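Every heavy atom of this structure was used, including side-chain atoms; hydrogens, water molecules and symmetry mates were not. None of the values given here were measured: they were computed from a predicted structure. Just so you know, ligand 1 is whichever comes first in the structure, and atom 1 is the first atom listed for that ligand.
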Amino acid sequence: MQVSGTLTELLRSDCATVVLTGAGISAESGVPTFRGKDGLWNKFDPRELATFSAFMRNPKLVWEWYLFRRELISKVEPNPGHFTLAEMGEHLSQLHIVTQNVDNLHQRAGSTNVIELHGNIERNKCVECNAPMAEFEIDPDNLPTCQCGGRIRPDVVWFGEMLPEAAIETAQQEAAACKLFFSVGTSAEVYPAADLPMIAKKNGAYLVEVNPHATPLTPYADEVFAAPSGEAMPLIWHAVREQSS
Ligand code: APR
């Protein structure tokens, strides 16, 4: 795998850079993706587990699903893909990480400027008044309610729901303004997140895709690393650091 001179030069120039991440960046940590071969949506029906109507219909089932995923995520660690982005964040002054992941692994790897498009699995909120609820231990057989009487749900974005306004607006602005855009570990099929690489491309950014498999975005990428992000991201950053030393 070669890193082009164009890419190393852009990173060394400390230009405005956006990194969009998806489930693939957490795959090497042991967090299943959604649509890959062993993807969650091949085994579970998202209409029964990841929609507002499913939650109101059967909150116990949906909570059992999110508690299963919380448990799984609590047992894994960030991987070199996450750690490299955290290190890049320490050296680059205009790096924005925009994630579709709810697993908190970017933050656990040390990244601070993470824009969460789909919420965070470690947070809860009220379906009525949106008040956050800190309590982490949720008993599916005795689900907590908010002071307002509303049900408590995981603070994640479900299919058919709007993304957090501030997060998507900031992501769109940064995508339009960046000179370099990385799409890492996402199938680029879920909107509006999948729009972001094209917004960047249309505004003249250099588009890099990191994904072992081709996606609808691959034909538009200026540079493709058809490899796991836990290998490609350290390689890319090492090439930049090597030239700086
Ligand atoms: N490194 C990089 N990419 C990888 C790796 C890896 N080690 N392993 C798999 N991938 C790629 C797959 O080839 C696939 O293209 O990661 C992508 C994961 O795609 P999805 O499972 O569709 O996940 P994502 O794109 O994040 O899904 C978007 O859909 O289900 C909803 O809300 C959920 O945020 C999620 C959104």
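- For ligand 1 and Pro228, the ligand atoms under 4.0 Å from any heavy atom of the residue are 1 (N), 6 (C), 7 (N).
- In terms of N/O distances under 3.5 Å, ligand 1 is not approached by Pro212.
- Residues Val102 and Arg69 form a side-chain contact, since some pair of their non-hydrogen atoms from C-beta on lies under 4.5 Å apart.
- The option with the heavy atom closest to atom 32 (O) of ligand 1, from among His213, Glu231, Glu28, His118, is His118.
- For Phe83, there are no ring-ring contact (aromatic ring centres under 6.0 Å, His included) partners at least two apart in sequence or on another chain.
- Within the set Gln100, Arg35, Glu209, the minimum heavy-atom distance to atom 27 (O) of ligand 1 is found for Arg35.
- Of all protein heavy atoms, the one closest to atom 5 (C) of ligand 1 is Gly24 O, 3.4 Å.
- Given atom 18 (C) of ligand 1, the protein heavy atom at minimum distance is Gly185 O, 3.7 Å.
- Here is the list of ligand 1 atoms found below 4.0 Å of a heavy atom in Phe159: 30 (O), 31 (C).
- In this structure, Glu122 does not pair ionically with Arg108, as no charged nitrogen and carboxylate oxygen lie closer than 4.0 Å.
- Ranking protein heavy atoms by distance to atom 30 (O) of ligand 1, first place goes to Trp41 NE1, 2.8 Å.
- Heavy atoms of Ala27 found under 4.0 angstrom from ligand 1 belong exclusively to the side chain.
- Here's the thing with Ser229: one of its N/O atoms is less than 3.5 angstrom from an N/O atom of ligand 1.
- Ligand 1 places these atoms under 4.0 Å from at least one heavy atom of Gly22: 26 (O).
- A 6.0 Å sphere centred on CE of Met1 holds more than 12 heavy atoms belonging to other residues, nucleotides or ligands.
- Side-chain atoms of Ser29 never come within 3.5 Å of backbone atoms of Val31 as a donor-acceptor pair (strictly under, hydrogens ignored).
- With respect to His106, the side chain to side chain contact (heavy atoms under 4.5 Å, CB included) criterion is satisfied by exactly one of Ile25, Val19, Asn113: Ile25.
- Counted within 6.0 Å of NZ on Lys125, heavy atoms from surrounding residues, nucleotides or ligands total more than 12; the atom is thus considered enclosed.
- Applying the 6.0 Å contact sphere to NE2 of His213 captures no more than 12 heavy atoms from other residues, nucleotides or ligands.
- Here the heavy atom of the protein found nearest to atom 11 (C) of ligand 1 is Asn211 OD1, 3.4 Å.
- Nearest non-hydrogen protein atom to atom 33 (C) of ligand 1 is Phe34 CE1, 3.8 Å.
- Protein heavy atom nearest atom 25 (O) of ligand 1, with residue, atom name and distance: Thr186 OG1, 2.7 Å.
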Give the C-alpha distance, both sets of side-chain angles, the deciding distance and a yes or no for side-chain hydrogen bond (donor to acceptor under 3.5 Å, both in side chains) between Gln100 and Thr186. CA-CA 8 Å; Gln100 299 168 84; Thr186 180; 2.9 Å; yes
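- Atom 26 (O) of ligand 1 has Ala23 N, 2.8 Å as its closest protein atom, hydrogens excluded (heavy atom only).
- No more than 12 heavy atoms of other residues, nucleotides or ligands shown are found within 6.0 angstrom of CZ on Arg47.
- Using a 4.0 Å cut-off between heavy atoms, Val190 contacts ligand 1 through its side chain alone, with no backbone atom that close.
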